[in-house]
**Student:** 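Dropping a structure here in structure tokens format, bear with me for questions.
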Amino acid sequence: MTDQRRSSAGVARRSETSRRAVLTAAFDLAAEVGYAKLSIEGIAARAGVGKQTIYRWWPSKGAVLFDAFLMFTAGEPGEGGGGEGGREPIEEAALPDTGDVEADLKMVMFATVDELNDPRYDRTMRALSIEIAHDADLAALYAERLDRPMRELKKRRLRAAQEAGQLAAGLDLDVAVDLLWSPLLVRWLHRGGPLTHEYAAALVETALGGMRP
């Protein structure tokens, strides 16, 4: 390897190390102090980098926190993500398909309930939800990198159920996704009631009651 290639590889490793340090710091600080008190200065100090390093990669603290959330929950290697025993990246994932759409949807909804109830993620997810409502750029980033890919995975599973004759052929799959997942997210966001597997199962059963042929 030439000296130039060694130097480039070293810079890339240092950049990746700094990036992960920033994302870990943002995730931890959001859980500790809340989003309102989270600052680029605080993240930089915790990560051991300069503020300009953060601003070079992210336009706002909301964007930093969104990437931190993805790193910890959506499948990046290391830090609890994909690779060694972690989740698959979103684009490589798929909802379970055992041939029983009701059982498969309940499995996914139960996992969603468990994640929403996880105190490691609850405060961060709530902060992101609030910021997305106020920041159009962050909302677009969320739609592009998380919401649309996840919606397509859900629709793919429902489409397979349609093709198997388990759901009505004329069913609008976007509406079906909303009917299944939106009540769960609203109950969580508004703290409207206990978020349990029993509630998730009732959602699936009720929604499917109106979707079958």
Side-chain angles (χ1 to χ4, degrees), residues 23 27 30-31 35 62 65-76 79-83 85-133 138-139 141-162 166-167 171-212:
L23 296 179
F27 193 89
Y35 187 78
L65 189 59
F66 178 64
D67 270 1
F69 178 73
L70 286 184
M71 185 177 80
F72 278 87
T73 66
E76 285 198 17
E79 304 295 349
R87 294 190 196 177
E88 293 178 299
I90 292 173
E91 62 271 16
E92 298 176 13
L95 269 64
D97 188 350
T98 65
D100 183 339
V101 67
E102 181 173 324
D104 293 341
L105 288 174
K106 285 180 179 179
M107 187 186 310
V108 173
M109 294 282 271
F110 293 169
T112 302
V113 165
D114 293 342
E115 185 170 276
L116 292 173
N117 282 326
D118 190 331
R120 294 176 299 170
Y121 304 131
D122 180 80
R123 198 169 186 179
T124 302
M125 289 189 291
R126 290 183 184 280
L128 281 172
S129 296
I130 293 168
E131 192 64 13
I132 285 167
L138 185 59
L141 189 66
Y142 166 77
E144 176 187 351
R145 295 181 58 193
L146 187 58
D147 186 57
R148 279 199 294 266
M150 288 303 303
R151 177 173 285 267
E152 286 307 311
L153 291 179
K154 295 166 183 175
K155 287 167 63 177
R156 186 187 307 167
R157 178 63 189 92
L158 294 177
R159 189 175 295 112
Q162 269 186 322
Q166 298 174 352
L167 299 179
L171 180 66
D172 185 315
L173 297 183
D174 281 302
V175 173
V177 169
D178 289 339
L179 285 173
L180 284 159
W181 272 272
S182 294
L184 192 70
L185 295 176
V186 168
R187 175 175 281 215
W188 165 76
L189 186 61
H190 295 167
R191 304 183 193 275
L195 210 59
T196 63
H197 286 195
E198 291 76 17
Y199 175 68
L203 281 179
V204 171
E205 292 163 9
T206 302
L208 287 182
M211 297 180 192
R212 298 190 191 276

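Here, residue 1 is the first one in the sequence, and each next residue gets the next number.
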**Student:** I'd like to know if the side chain of Arg187 reaches the main chain of Pro194, judged simply by a donor and an acceptor atom lying under 3.5 Å from each other, with no hydrogens or angles considered.
**Tutor:** yes
**Student:** Taking all non-hydrogen atoms of both residues into account, name the closest pair between Leu173 and Lys155 and its distance.
**Tutor:** CD1-O, 3.8 Å
**Student:** Using modelled atom types and a 3.5 Å cut-off, is there a donor and acceptor pairing between side-chain atoms of Gln166 and backbone atoms of Gly99?
**Tutor:** yes
**Student:** Kindly assign one of parallel, tilted or perpendicular to the pair Phe66 and Tyr142, based on the angle between their ring planes and the thresholds 30° and 60°.
**Tutor:** perpendicular
**Student:** Taking 4.0 angstrom as the limit, do Lys106 and Glu102 come out as a salt bridge?
**Tutor:** yes
**Student:** Please tell me if the side chains of Val175 and Asp178 come closer than 4.5 Å, counting only heavy atoms from C-beta onward.
**Tutor:** no
**Student:** Cation-pi between Arg151 and Trp181: NZ/CZ under 6.0 Å from ring centre and within 45° of the ring axis?
**Tutor:** no
**Student:** Heavy-atom distance under 4.5 Å between the side chains of Phe69 and Leu146, does that happen here?
**Tutor:** yes
**Student:** Ignoring hydrogens and geometry, is there a side-chain-to-backbone donor-acceptor pair from Arg157 to Ala94 under 3.5 Å?
**Tutor:** no
**Student:** So how far is it from Leu179 CG to Asp174 CG, rounded to the nearest 0.5 Å?
**Tutor:** 11.0 Å
**Student:** Taking side chain as C-beta onward, heavy atoms only, is Leu167 less than 4.5 Å from Leu208?
**Tutor:** yes
**Student:** Taking all heavy atoms of Pro149 and all of Ala143, pick out the closest pair and write down the distance.
**Tutor:** CD-O, 3.8 Å
**Student:** Applying side-chain contact (heavy atoms from CB on, under 4.5 Å) to Leu105 and Val108, what does each step give before you reach the verdict?
**Tutor:** CA-CA 5 Å; Leu105 288 174; Val108 173; 5.6 Å; no
**Student:** Indicate yes or no: at least one non-hydrogen side-chain atom of Leu184 is less than 4.5 angstrom from one of Val113.
**Tutor:** yes
**Student:** Rounded to the nearest 0.5 Å, how far does CG of Leu185 lie from CG of Leu116?
**Tutor:** 6.0 Å
**Student:** For the atom pair CG (Leu203) and CE (Met109), what is the distance rounded to the nearest 0.5 Å?
**Tutor:** 4.5 Å
**Student:** Is it true that a side-chain atom of Asp122 and a backbone atom of Asp118 form a donor plus acceptor pair closer than 3.5 Å?
**Tutor:** no
**Student:** Is the positively charged end of Arg123 above the ring of Tyr35, judged by distance under 6.0 angstrom from the centroid and angle within 45° of the axis?
**Tutor:** no
**Student:** Give me the atom names and distance for the closest heavy-atom approach of Thr124 to Ala31.
**Tutor:** OG1-N, 4.5 Å
**Student:** Between Asn117 and Trp188, is there a side-chain heavy-atom distance shorter than 4.5 Å?
**Tutor:** no
**Student:** Could you tell me how the ring of His197 sits relative to the ring of Phe110: parallel (under 30°), tilted (30 to 60°) or perpendicular (over 60°)?
**Tutor:** parallel
**Student:** Less than 4.5 Å apart, side chain to side chain, heavy atoms only: is that true for Leu65 and Leu23?
**Tutor:** no
**Student:** Can you name the nearest heavy-atom pair linking Glu131 to Leu138, along with the distance?
**Tutor:** CG-CD2, 3.5 Å
**Student:** Please give me the minimum heavy-atom distance between Asp104 and Pro96, naming the atom from each residue.
**Tutor:** OD2-O, 3.2 Å
**Student:** Side chains of Met211 and Leu180: closer than 4.5 Å at any heavy-atom pair?
**Tutor:** yes
